[in-house]
Structure formats: C-alpha cells, structure tokens
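The structure under discussion appears below in the form of structure tokens.
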Number of protein chains: 2
Amino acid sequence: MTNPHNVAPRRATITDVAREAGTGKTSISRYLNGELSVLSPELRARIEAAIERLDYQPNQMARGLKRGRNRLIGMLVADLTNPYSVEVLQGVEAACQALGYMPLICHAANEVEMERRYLQLLTTYRVEGVIVNALGVREETLRPVGEGGIPAVLVDRMVDGLVADMVGLDNTAAVELATHHLLERGFDDIWFVVQPFERVSSRRLREAAFRAAIGGQARARGHTVVLELGDAAALEQTLAELDHAVDAAFEVSPGVTLHLAAGAAPDVTPGVSVDLAHGTRSDANPSLRADTAQAAAGAGTRRVALFAANAPVALCLARHLNARHGARWQERIALLSVDDPEWAEFAGITTIRQPTYQIGYRAVEFLHERIDGVESAARDCLLPGELIVRASTSR
Amino acid sequence: MTNPHNVAPRRATITDVAREAGTGKTSISRYLNGELSVLSPELRARIEAAIERLDYQPNQMARGLKRGRNRLIGMLVADLTNPYSVEVLQGVEAACQALGYMPLICHAANEVEMERRYLQLLTTYRVEGVIVNALGVREETLRPVGEGGIPAVLVDRMVDGLVADMVGLDNTAAVELATHHLLERGFDDIWFVVQPFERVSSRRLREAAFRAAIGGQARARGHTVVLELGDAAALEQTLAELDHAVDAAFEVSPGVTLHLAAGAAPDVTPGVSVDLAHGTRSDANPSLRADTAQAAAGAGTRRVALFAANAPVALCLARHLNARHGARWQERIALLSVDDPEWAEFAGITTIRQPTYQIGYRAVEFLHERIDGVESAARDCLLPGELIVRASTSR
DNA sequence: CTGTTAGCGCTTTCAA
DNA sequence: TTGAAAGCGCTAACAG
C-alpha cells in the first residue's frame, strides 16, 4: 500500500510538478497545452518525468475557471426508461467524444420539477450548452437557456417559449408512411393511441399527421384515444373502451360500423376519443355502441388497427392485449408503433424506427456550432423514419 | 430581446453583485452560504435585490475550486441499454438528491476502453467519489480509484484489484431460490445460459451458485452454456445447440437422457457446456446426442428449463424461441431469468427481480460515508432478490 | 456585523 | 526559451 497512514494523498498540482521538475508553472502549463515547440527538449523531458512521478492530472475545474470554458455540455433527458432516449444518448456520446465535449447527463424521470432543478444546476456548473429532451418546462424555468442564455438544442420536441435549434423525427412523414401502410393492408378503422399531449409537441404533431393522413380517405375511419400511463384507474377505463371497440369490430356484421356517442368535449383529455371521419369529438366514457345508422360507405367488416404514438404506449397496449387475448394476439389485432424498442421484433409489432443515433449526433453538432458563435436563426433538422413491417400488420 | 447586439451577456459574478449591492464580496458569499444570522436585515435585503436584478447564479466550479469539494460524484455505467442499469440509476439519483450530490453519469457502452477514458475524465474533474458498474477494467485503469485514490463503490460486480465497498444482489441466494423453484415445478434438466464471464464477478457467482444448487439433487441435471451476444456466428451456433437439447428432451423416450460428448475444455468458453451432473466439461460444438447409456436415475421424460443469467440473455433467448416456436413458446419451454425487465410480464417469463432502486440508493450512501472519511474495511451489501412466477414455469 | 486579504489550480500576458 | 505575476469566481481567516 502506498499510503500506509491513510493520509489523504492530496493530488499533485501544477505547482508540485513545477517544483519537482525544477521549473516554473508556466512551462508545465505550456506542456499540458501542447505548446511543445517552445520547450527545450531537455526541459520537456524533465517535465514528462515529473508528471509521471507525481501521477499528475490537471484539474479541469481550475482550467475551466481560468479559460472561461469547460467543454461541458448538459443533456437533459425526460425519461431514460424510454429506449428512445438511451439510443439518442449514444449518438450524443459519440459526437461529444468526436468534438471533445463531456456530456453531463441529467435524468428528470418524467418530473417537471426535476427538469427545472437540473436545468438550473447545469447552469450553475456553467455548461457551454444544453441538449433538452424535456417533458415540459415553464417559461420561468428556461430563462437561462436559449437566446441570451446558454445555447440549447431541442430533441424530439419543441418547448413553448424557447427559440432554439431542434432535431428529431420527421413526424408528419413518418406517420403518413405508417398510416398508408395500414390502409394498404386493408385496415380501415384505425385507433391512434397517444399519451396526454401536455407540452410535448411531437405527440401533437403525430396526432395531427394521423388525422390529416386519414382524413383524405373516404372509406377509412380514424380515432384518437388518449392514454394516461401514470394513472391506473384512467388507464384501465381507457383500455376497456379500446377493447370494446376492437371486439365490436369482430362481432359486428358487414355494413355496420361503430361510432361514439355524440357530445362536445372542450379539449382532448384522457379517455376521450376524437372521431375523425365525422369531425366530431365524443366522450367515450359512458359507453361505446355499434350503430347501424352510421354504416360505412363500402360494405364488409371493418378491419381494426391500433396505432401507438410511441414505445411506452405500445408496451402498455401489448401487455394488455397479451393478457386479454393470449400470446397470439398479434394474429388477431394489428398493432403499429412509432419507435422500435428491442422487444418489438419479438412481439411481432410493426414499427417506425427513428434514426435515434443520428438525432443525438446531430444535436451535438448543432450545439457545437452555436457554442462556436454561429448566430443564424433557429434551425430544424427533421430526419426520416423507417417502416419495419412485422407479423402484426401482415395479414 | 434583452441583448440586441448579440453581445455575449457575461454572467454576473460575485463581484458584480457586491458592487450592485454596495458592499463587499464577503457578505455576498455569506448570504450565499446561508449565514444569514450575521447579516443585518437591511444589507440582506440589498443583497437579495441585487441578486435578483442581476439574475446572479454562483459559479459552482469556482466554489468547488476554492472549497476543495464540488459535490460531484461519478457514475460509470457499463450499459444503459440494460434496464437494470437504468433502474439502479434511479436509486442513485434519488440518493444524490437527498444527500446533495450531483451525479455525473458516464455510459461506457460495453467498451472497456471507454470505461478507462471515463474513469480518467471523472478523475480530472475531481469528482469526490465514483460508483462503478464496469465491464472490466485493467489494473492500470483504476489506479486513481479505490484505496489511496478517490472513494469508489462497486455495483453488481467486483473488479479485480479494486478493494472497495460493493453493493448488489445476493446472487447465491437468488439463484438458489430460482433453481429450487424450477426443481419444485418438476424441471429436472436445467440449462443455465450466461454471457462470457470476462471480469464480471456476478456472472461467475451466479453460475457457481447454480452449479451448487443443482449439484445436491440426485435426479436433476444442470448444464452451463455460454452465449456470446455480440458475435452473431457464435450466437447462432450456440442457440442451435440449445434447440437441439430442448428438442431432444421432447422426442426422447422415458428413461433416456442427454449428455454432451465428453472432452476436457481448459475453461468455459462460448458454446461450451459444462455438464454438472457428471462433473465433466464437454465441448458441445461437434454435436449433441441422446445417449441411452446415461439414463437418469428416475424414470420418465426429462423436463427442460432454460435459466438466463440476466436480462440481455433472456431477451436473446425469448426472441429466438419466439421465432422458432411461435408466440406460444412459453407453454412449451420454461424460461426463467435473473432481472425483471418491463417486457418480462408480457413475455410470461418467470424472473428474479433485483432490488435495483435500493442498490443504487445504498451505493450512494456508502460513498457518502467514505467521502465523509469513514475508514473501515471494504464492505459488501448483498440485497435479496424476489421470485416472480409467471406462465413460463407454471406447468 | 462588515470588509480586507490571501489564496484554490490554472492560463496568460509581459518581460527577461 | 523561460518565468514572474496577475487574475478567473469564490471562500475563509482575520481584522475592524
């Protein structure tokens, strides 16, 4: 043991090295910063030896303090439980490595208050920029970020009141791709399932794109269902409604379709369906019923498909369907999802795979430019998704 | 816009605040550090106002530099893709929050070289301690960590040459629990599937515990199979061998059992099985065959179960079984796994759930004590796992 | 109660 | 080529 007395072996400082090498701090600093050409080979050798002997490692904090930049960037992640986030993170890490940054990863665990705290913390550590994938932050929270503050780039979603570069999936194109796939395969009664929008722009965009994509199709019907994953009671109820809809499609005779009881809801809230085909919003809570008066234009049984807006929703649905219909539910019920988690293949669900790695990489590149002083207007980088067809929609 | 000329709006410093409040830096510092009792209400008010006006936020780097401690701790994670790691992380975050630390999360993406780099980086940022969940680090790598260096605590696994506190699952008890469960349910031909041991102690421990648990049972047979997830070719071959074994068990008539061709392998390497019942190690590559000469003591068909050493292995097996036997493979093949990923319920596999949150929380507590100067010998904290029985072993 | 002073470990003029 | 000295933003004696 090199430290027999348990004396805290204070790390060597630049002063120690200078003394050990019999020179001044300046030369050590020069050596550290690669200004080797100005050092005599002899001195350089002594410095090298001293550093080695003392196991010296420069203190980044001090360097940062002096230089005014510390090569730290913050990465605020709303939910590391979501494989999407981890994948994006890999891209971020790779880019940081390439560009010489150290990412400080902050995990807000889906809590807005956490996001606020972390953003604040990152700020006090004087990170040079932040990559934000947040649930939703209030105006006040992001005062230090964005224009006038430290550079920021948004991932996957906009944040109200924050003008900044953004990179993410081309939601509109992706959802169109998916919807057309479903229509092509003959599904004409599509239920789009999404978490409460809150401040997450991508959820809104996807839902809007779905609505638009299906709106033009005369025969098809689209519905939006909001699933509140965090609330067990609400969840159960909403799932029951979906079950009802799915079952009805199987039971109903040709020429008959479903719709929801009419009624005007002020906004889309959990458990509420929006019946796109008729442009009306209906509260589904009371009950769902088959209605022969609303027969579809074409004849034949409606073919139902579930369209999950992201992986967490898809997981919830898959679990539920599995419990309700057994292991072969895929053969009976079509499920498609944006996001392609690792269990998707095995569950046999069709997905839109996001270019997660590139999203993360690109985010850092954007940030790097801003840190370097680029002043252009906020830019968006929308990357395309890829459709992966699996058993669940192959009928 | 507050910054019309795009002048970098240099953040206010303590000096600025002092000037603004018409006082000295010391008072500001005192205010910042909560020494409110020594400040006259009047001065205090002026300071508050100045801070507010300047939107001042103390620079943590500078504080850290001065105080010699920065409340930063490093968390080195081998693989964020593994849900286990993310769960542990949540515990770490919660504890950090409670104890006033800021965790710097480093993701090594299963690359030893990355682990080395990050450990080095953390060191230069002068973190006060590190929590290490690494694949395997060479001696040289961890010189700055452990005794004589910054305090460290290991999660889930020991690291050769690093004497430090450790917290993780009680592998022996957990594997015993699982094995007994399988035996109770009548499975008597159990295949333990594990990734290459490398330097990961928990893998070794689990395998050893399995071996021990099954060794005492006269009727049961245990085998160890090493699955190399990263190597597609090796993977395929090993899976084929497992298939063969599983199939054979179904085809074989009562009183007949399987064993592997005899032969001595120097160590357990991918694709190699260890036949526990006979204490011999056999290279399974050539072929697997039924051998009536080695009939089991009891009569009746062997009931096969697969025992995955962790979630990544379980996922690989589940995917494979799903592809090979269809969606209802659980009814045919028993699969049990250490780790309880979110898809486990839905896949219907029995698992040992680890107390991940506590593991993370405890790790930080250990570290905190070390940082506070506790000098006792290295401690181990082994937490119990919980058996979750699902369809796959319920026959 | 309040301010002055001397650094923390490092970089960077500016002279030598 | 080299080094002395002046800070970066902050805290902690030590005086008033």
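In what follows, every chain begins at residue 1, and chains take the letters A, B, ... in the order their sequences are listed.
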Donor-acceptor pair under 3.5 Å: do we get one between Thr26(A)'s side chain and the base of dT12(C)?
yes
Using a heavy-atom cut-off of under 4.0 Å over every strand shown, decide if Ile28(B) touches base, sugar-phosphate, or nothing.
nothing
Select base, sugar-phosphate, or nothing to describe what Ser40(B) touches, counting heavy atoms under 4.0 Å on all strands.
sugar-phosphate
Counting just side-chain N and O atoms, does Thr23(B) come under 4.0 Å of either OP1 or OP2 of dG3(C)?
yes
If only side-chain N and O atoms of Asn33(B) are considered, is one of them under 4.0 Å from the OP1 or OP2 phosphate oxygen of dT11(D)?
yes
Need one value for Ser29(A): base, sugar-phosphate or nothing, where a base atom within 4.0 Å counts as base even if backbone is also close, heavy atoms only.
base
For Ser27(B), answer base if it contacts any base atom (sugar-phosphate contacts may also be present), sugar-phosphate if it contacts only those atoms, and nothing otherwise; contact means non-hydrogen atoms under 4.0 Å.
sugar-phosphate
One thing to verify: whether Arg46(A) and Glu42(A) come together as a salt bridge, which I'm taking to mean a side-chain N less than 4.0 angstrom from a carboxylate O.
yes
Across the strands shown, which category fits Tyr31(A) at heavy-atom distances under 4.0 angstrom: base, sugar-phosphate, nothing?
nothing
Tyr125(B) side chain near dG9(C) phosphate (N/O to OP1/OP2, under 4.0 Å)
no
Of Val374(A), Leu99(A), Val153(A), which is the lone residue that meets side chain to side chain contact (heavy atoms under 4.5 Å, CB included) with His368(A)?
Leu99(A)
Check the pair Leu32(B) / Ile51(B) against side chain to side chain contact (heavy atoms under 4.5 Å, CB included), numbers first and verdict last.
CA-CA 10 Å; Leu32(B) 258 27; Ile51(B) 287 180; 4.0 Å; yes
Any carboxylate oxygen within less than 4.0 angstrom of a Lys/Arg side-chain nitrogen, looking at Arg379(B) and Glu369(B)?
yes
